[in-house]
Number of protein chains: 2
Amino acid sequence: MSLEHILLGCLETPASGYDLKTYFDQQIRQFWSAELSQIYPTLKRLEGRGWLTSRREPSTKGPPRKVYTRTPAGREALIEWLTGGPQVGSERFSYLAQVFFMDQVGDLQATRRFIVDVRGRMVAWRAALAQVEREERDHAGKPPEQFSPNGLHRFISLRMGIHSIGAKVAWCDETLALLDTRFAATTEGETR
Amino acid sequence: MSLEHILLGCLETPASGYDLKTYFDQQIRQFWSAELSQIYPTLKRLEGRGWLTSRREPSTKGPPRKVYTRTPAGREALIEWLTGGPQVGSERFSYLAQVFFMDQVGDLQATRRFIVDVRGRMVAWRAALAQVEREERDHAGKPPEQFSPNGLHRFISLRMGIHSIGAKVAWCDETLALLDTRFAATTEGETR
DNA sequence: TAGGCCATGTAATGTGTTACATGATTAG
DNA sequence: CTAATCATGTAACACATTACATGGCCTA
C-alpha cells in the first residue's frame, strides 16, 4: 500500500490527521490524494503496528488534536519502501479510454471538442505548477543543484509533473493539427 | 465507473469475458487493466441493467462460452459517457511519492540508482509502443490523417502514450544531469 | 502424464469515496 | 446569528486484486 508509506513519509515531524490532510491538498496532490475518512483509520492502523505513537493535545480553536509521531520502526518501514525499487504500477487514464472509443460517436468534431477541453485543463494545470516552480526558485535564491536534499527532492518531483503535463499539451496540439488536416482535406468539413 | 464503459466500448462486436480479457491485455493495457474476476461480475451487472444480452455458445476447445452482445440501451450509455466531457481524475504515481520522500534515506546515490531504474523501464516501454506505431503505419499504408475513424482514434491514443513516456525519459535525463552536477561540485562525491 | 491454454466463476481482502454524525471557536 | 474553519470519527458503498475452485482439451 502506498498511502501508509506516504503518511510515514509526511510524519518526519509529528502531525495530526487534519494537518496531514492539509499537507496532502497542498503538496502531495500532484501524485496522490486522500480523504480524511481514509487518513484517520490508516493512522490508527499504523499505530497498531507500532510504526506511530499518538498523544492528545489541546487545540487553540476547536476540539483536542491527536498528534502522531513516527517510531524508529516506522522510519525503518519507510526506508525499506524507499529503497525497494520504483513502484511503477499500471496507470489508469479514463480520458484516454474515452478517446480510444470515441470513433463510435460517429462525429470527429466530438473528438475535436474533447481534445480542446483536455488541452484547456492541462494548460491551466501547467501554469499552476510553473508558478510553484518559480516560487521555489525565488525562495531558495540559488540554483537547484545547490538546494538542500529535501528541497532538491521536492524540486525534481515537481519537474516530473511539469514534464508530464507538457507532454499532454504537446499531444493535444499534435492531435488537433492531425484532425484539422483531415477536415481541410474534405471541402465540406466531414462529420464522420 | 470507467470499467463498465470500457467494456461497453469493447463490445462493439459480441465477445465473451475471456475474449475481453485478452483484448484488455493487448490493446487496453496502455490506459486500463482488469482481471477476469472483475470482468465476469461486471458483465453480469451490465446485463442486469439491460445494457448487454448473453447467449451460451459451444467452444471448440474447453467449456461453453458465454457471449455478450451490446443492446441499443448499452450503446446509448456508452455515447453518453463519451460525449460527457473528459474524465480527468486525480492520477496516482507511487514512484513519484517515493522520489518526494527519498531525501529521508540520507543518500543521494539511492536517488540516482532509483532514477536509473525508472529510466530503464521507461525506455523499454517506449520502444514497445514505438514498435506498435510502426506496425500500425505499415499496416495502414497511408498517413494517419487518412486512417479509418477507428484506426485514427486508436492511433491518437497510442501517440498519447508515446508522448507521456517520452516526457518521463526526459525527466530522468534532466534529473540525472542535475544529480551529477551536484556530485561533481563536491570533490569526494557526497553521500548526503 | 504433466503442464498449458480455454473458460467459467466465487470468496476474501485491500483500497478509496461519499455520506453521515458531532461539536468547539472565530470572523463577519 | 450564521457561516467557515478546526477537529475527530463511523458507515455504507464502490472499485480492484489475489486466491481459490472446477474441469475439458491439446501438446510435448
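By convention in this document, chain letters (A, B, ...) are assigned in the order of the sequence lines, proteins followed by strands, and residues within each chain are numbered from 1.
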request  = Mind calculating the distance between CG (Leu36(A)) and C1' (dT8(D)) to the nearest angstrom?
outcome  = 9 Å
remark   = Arg56(A) atom CZ is separated from dA7(D) atom P, nearest whole Å, by 12 Å
ask   = Going by number, which of residues 43-52 of chain A have a non-hydrogen atom under 4.0 Å from DNA chain C?
value = none
task = Give me the residues of residues 14-25 of chain B where at least one heavy atom lies under 4.0 Å from an atom of DNA chain C, by number, or none.
result = Ser16(B), Gly17(B), Tyr18(B)
key: Residues Arg119(A), Val169(A); criterion side-chain contact (heavy atoms from CB on, under 4.5 Å); working and verdict   = CA-CA 6 Å; Arg119(A) 189 179 189 285; Val169(A) 174; 3.9 Å; yes
ask   = How many Å lie between OH on Tyr40(B) and C1' on dA21(D), as a whole number?
value = 14 Å
query = Salt-bridged, Arg49(A) to Glu76(A), with N to O below 4.0 Å?
reply = no
note = In the 5' to 3' direction, the nucleotides of DNA chain C bounding the stretch that comes under 4.0 Å of a heavy atom in chain B are dC6(C) to dT17(C)
ask   = Would you say the side-chain atoms of Glu47(A) and Ser54(A) include a donor-acceptor pair closer than 3.5 Å?
value = yes
query = Ser59(A) side chain N/O closer than 4.0 Å to the phosphate oxygens (OP1, OP2) of dA7(D)?
reply = yes
message = A quick test of your reading: do over 12 heavy atoms of other residues, nucleotides or ligands sit less than 6.0 Å from CZ of Arg29(B)?
response = no
query = Does the side chain of Ser16(B) come under 3.5 Å of the side chain of Asp19(B) through a donor N or O and an acceptor N or O?
reply = yes
task = Kindly assign one of parallel, tilted or perpendicular to the pair Trp81(B) and His5(B), based on the angle between their ring planes and the thresholds 30° and 60°.
result = parallel
inquiry  = Under the side chain to side chain contact (heavy atoms under 4.5 Å, CB included) test against Leu78(A), which residue among Leu8(A), Leu7(A), Ile6(A) passes?
reply    = Leu8(A)
request  = Check the surroundings of atom CD in Glu80(A): do more than 12 heavy atoms from other residues, nucleotides or ligands lie under 6.0 Å from it?
outcome  = no
ask   = What's the verdict on salt bridge (charged side-chain N to carboxylate O under 4.0 Å, His left out) for Glu12(A) and Arg75(A), showing C-alpha distance, side-chain angles and the deciding distance?
value = CA-CA 8 Å; Glu12(A) 192 173 9; Arg75(A) 185 170 189 286; over 6 Å; no
message = For His163(B) and Glu174(A), which I'm curious about, is there any donor-acceptor pair between the side chains at under 3.5 Å?
response = yes
request  = Tell me, yes or no, whether the heavy-atom count around Gln131(B) atom CD, taken from other residues, nucleotides or ligands under 6.0 Å, exceeds 12.
outcome  = yes
request  = Could you pick out which residue, Thr60(A) or Pro41(B), lies toward the 5' side of DNA chain C when each is mapped onto its nearest nucleotide?
outcome  = Pro41(B)
I'd like a table of atom pairs between the protein and nucleotides 16-19 of chain D - only N or O on both sides, under 3.5 Å - with the distance next to each one.
{"residue": "dA16(D)", "atom": "OP2", "partner": "Gln38(B)", "partner atom": "NE2", "Å": "2.8"}
{"residue": "dA16(D)", "atom": "O5'", "partner": "Gln38(B)", "partner atom": "NE2", "Å": "3.4"}
{"residue": "dT17(D)", "atom": "OP1", "partner": "Arg92(A)", "partner atom": "NH1", "Å": "3.4"}
{"residue": "dT17(D)", "atom": "OP2", "partner": "Arg92(A)", "partner atom": "NH2", "Å": "3.4"}
{"residue": "dT18(D)", "atom": "O4", "partner": "Ser37(B)", "partner atom": "OG", "Å": "2.5"}

Non-neighbouring partners of Arg55(B) that pass salt bridge (Lys or Arg N to Asp or Glu O under 4.0 Å), sequence neighbours left out = Glu57(B)
ask   = Cluster partners of Leu36(B), using ILVMFWY side-chain heavy atoms under 4.5 angstrom, listed by chain and number?
value = Tyr18(B), Tyr40(B)
